[in-house]
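Please read the structure below before turning to the comments.
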Amino acid sequence: MDFLLIQALGGLASAASLFLVASGLSIIFGVTRIVNFAHGAFYMLGAYGAVTLTARFSGPLGFWGALLAASLTVAVLGALMEMALLRRIYQAPELFQLLATFGVTLMVEDLVVLVFGPEDLLGPRAPGLAGAVSLLGRLVPAYDILLMVLGPAVLGLLWLLFHRTRWGVLVRAATQDREMVACLGVNQKWLFTSVFALGVFLAALGGALQIPRTTVTHAMDLSIIVEAFVVVVIGGLGSVTGAFLAAVLVSELNAFGILVLPEISMVTAFLAMAAVLVVRPWGLLGRPDAAPRATTGMGVRPWRPLSTGGRAGVGLVVLAAALLPLVAGGYALSVGAEVLIFVLFAASLQFMMSTGGLASFGHAAYFGLGAYGAAFAVTFLGVPMGAALLAGPLLGLAGAALFGWFCVRLSGVYLAMLTLAFAQITWSIAFQWVQVTGGDNGILGIWPSAWASSPQGFYWLTLAIVAAGVGLLRVLVFSPFGFALRAARDSALRAEAIGIDAKRVQWAAFTVAGTFAAVAGALFAFLKGSVFPEVLAIPVSVDGLVMVLLGGIETVSGAVVGAVVYKALAIWLMSQTDLSKLVLGAVIVLLVVAFPKGIVGFLEDLRHRRAPPPAEVAP
């Protein structure tokens, strides 16, 4: 019993830093409606800044002053980022703001390595708290006890700030109705900046407080941002108290999960999030209206079929792609096949997000299921590549049908986070079920059949499947099913009134999108000759989002253009520089600022502006 108590106290200590990060994320989203993917980067900068400053100042005053100074410095950097970048795109769709902060995250990852070096850093012990305190015959680190006290103390200070100051009242009012606050004459720009700075300060402080407990690495941003999103969603978006309760819940699950259920210890928090969202879609202390009003935040322009000239243009592009093997070598064809695979992956996500209005942060689940399905067919059943390319999509279809049944009952960020939870559950199974999936050793030897083993043969096969897949998705857009899906997206009540079962239609669209993503995953397995759990990981899902948003979510061609630009640029940069993330992140940020509707959306607007006005008809 005493051991369980000590384990629980360790969970409470971990909850303090997690609460600081999650509360900052929740505050920022509650007021600005920005899903700040860069929040983990600020957490990491706080830790690196604290390690650097504590090395120069000694003594208790120097240590605690260094932690506070590092957090304040990072808060200033966050405010500058909000003023220089986010202010320019507040009117853009919300997911484009996610894309911009993702670009910042990529830049910070390389900048940290460039400034602080690639090695892990060790921080000093907290002065006066280096020892342990005996509780029930067991030693508990004194620093952990401080953290246990700090979490509730910060919660109390935040409550006083939001309920006993004029600024806090304005922040709570903006959380409820930003437009009304603006009508009352409040300067929204500076309100947003101050809220963003406070949220970043809390994230940086959470990172700074971790330096006596753990090493500081340049990969700590991704791990904390995922946990922070889980906490915010479980607690309820915009609820600081909910974030505190959820941080305690998640930390205790992590502390006891490794003891009670070590086989699923990596996914217990996501199982909890999925359970909470299914039972209470707006979180423990959230409100139904806390989510954005629009499912995707996109003003999708009316769909229209391709004109004769458009069909000819598409035909020329496909013909040019088909002729590539006549002039390109093996490496170029391998890169070309990989780009084509992600074209289909991005097109499937675009169909679900744009036509269906279903934002997804976990689309990699179906890409990975397709890859593993093909690998299982080859490894365990011994079937040839043709049959394996059918088995992979079948597994993806099953996963999408199962997960989609729960996901389509939610909307907005809550739906997106539930897709993330299911994706992480799938990744955990692939990572920890070593007997079947090989764990992090993967499944090897997944090679194409002899007739498609040459670079030219596999490239042509991939081009044929991808072209057919994108074409089928476009046909679905203009089919009766596509019109019913758009009706459900635009107004579920009106759709129900004319006899459309909105949830059933959206579930079907979710399943269709997952199946096409699985086709891409099956091709990817044969391209690489192996499958690893990374195909199910969060970065693959984020890459899909980046491709769709970068190209433009309003047209099918946007996903194609975005995938080609992003994937080709990423592969080329990795071969040219060690700072590929820095350059790629800067390009993403520039494109978001210059083309807030995506590349294709910008070109469409430009074409409309240059088109001559319609001729006036005489009375």
Side-chain angles (χ1 to χ4, degrees), residues 37-38 40-41 44-45 81 84-85 89 95-96 98-118 217-222 225 321 324 327-347 349 363-364 367 455 459 462 466 520 523-524 527-528 530 532 534-535 537-552 558-596 598-600 602-603:
F37 203 88
M44 178 173 64
L45 287 175
M81 186 194 86
L85 174 60
I89 56 175
L95 289 176
F96 278 94
L98 170 68
L99 178 58
T101 56
F102 172 68
V104 172
T105 299
L106 291 179
M107 296 171 66
V108 171
E109 286 180 358
D110 269 0
L111 286 173
V112 162
V113 175
L114 188 64
V115 174
F116 299 101
T217 74
H218 59 274
M220 62 193 300
D221 57 337
L222 183 59
I225 191 60
L324 182 64
V327 296
Y331 175 75
L333 293 178
S334 176
V335 170
E338 184 170 352
V339 171
L340 287 171
I341 288 170
F342 279 93
V343 162
L344 182 57
F345 176 61
L349 179 59
H363 206 53
F367 183 84
Y459 174 85
T462 303
V466 170
L523 286 170
F524 188 76
L527 173 68
K528 298 298 182 180
S530 57
F532 295 93
E534 284 74 16
V535 296
I538 292 173
V540 177
S541 295
V542 174
D543 283 349
L545 276 172
V546 172
M547 294 171 195
V548 172
L549 298 174
L550 197 60
V560 175
V561 172
V564 172
V565 171
Y566 177 78
K567 197 63 184 180
L569 183 61
I571 294 173
W572 181 77
L573 285 173
M574 288 180 64
S575 66
Q576 298 296 316
T577 176
D578 293 333
L579 302 175
S580 58
K581 291 182 179 179
L582 176 62
V583 180
L584 184 61
V587 170
I588 290 173
V589 170
L590 289 174
L591 288 174
V592 169
V593 173
F595 312 123
I599 297 172
V600 175
F602 171 79
L603 295 176

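The chain is numbered in sequence order, starting from 1.
No more than 12 heavy atoms of other residues, nucleotides or ligands sit less than 6.0 Å from atom NZ of Lys581.
Under the 3.5 Å distance criterion, the side-chain polar atoms of Thr105 are left unmatched by any main-chain donor or acceptor of Ala41.
Interatomic distance, CG of Leu111 versus CE of Met44, reported as 9.0 Å (0.5 Å rounding). In this structure, the separation between CG on Leu349 and CZ on Phe342 is 12.0 Å, given to the nearest 0.5 Å. Going from atom CG of Leu545 over to atom CD1 of Ile538 covers 11.5 Å, rounded to the nearest 0.5 Å. For the atom pair CZ of Phe116 and CG of Leu45, the computed distance is 7.0 Å after rounding to the nearest 0.5 Å. Note that CG of Leu527 is 10.0 Å distant from CG of Leu340, once rounded to the nearest 0.5 Å. The CD atom of Glu109 sits 4.5 Å away from atom CG of Asp221, with the distance rounded to the nearest 0.5 Å.
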Table please: side-chain donor-acceptor pairs of residues 568-576 below 3.5 Å, with sequence neighbours left out.
residue	atom	partner	partner atom	Å
Ser575	OG	Trp572	O	2.7

Checklist entry - Would Leu85 and Val593 count as a side chain to side chain contact (heavy atoms under 4.5 Å, CB included) if you check the C-alpha gap in whole Å, the side-chain angles of each, and the deciding distance to 0.1 Å? => result CA-CA 8 Å; Leu85 174 60; Val593 173; 3.5 Å; yes
Next on the checklist: Between Val600 and Phe595, is the side chain to side chain contact (heavy atoms under 4.5 Å, CB included) condition met? List the steps.
Outcome noted: CA-CA 9 Å; Val600 175; Phe595 312 123; over 6 Å; no
Next on the checklist: side chain to side chain contact (heavy atoms under 4.5 Å, CB included) for Val540 and Glu534? Distances and angles first, verdict last.
Outcome noted: CA-CA 8 Å; Val540 177; Glu534 284 74 16; 5.9 Å; no
Checklist entry - Going through the distances and angles, do Phe345 and His363 end up as a ring pair (Phe, Tyr, Trp, His ring centres under 6.0 Å)? => result CA-CA 9 Å; Phe345 176 61; His363 206 53; 5.3 Å; yes
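Taking the side chain as every heavy atom from C-beta outward, Val104 and Phe37 never approach each other to under 4.5 Å. Residues Leu106 and Ser580 fail the side-chain proximity criterion, which asks for heavy atoms closer than 4.5 Å. Counting only heavy atoms from C-beta outward, the side chains of Phe367 and Ile341 approach each other to under 4.5 Å.
Nearest approach of Ala337 to Thr462, heavy atoms of both residues: O-CG2, 3.8 Å. Of all heavy-atom pairs spanning Ala346 and Met547, the tightest one is CB-CB, 3.9 Å. In terms of heavy-atom proximity, Ala364 sits nearest to Ala537 at CB-O, 3.6 Å.
Looking at Leu549, Val587, Leu550, Val561 one by one, the single match for side-chain contact (heavy atoms from CB on, under 4.5 Å) with Tyr566 turns out to be Leu550.
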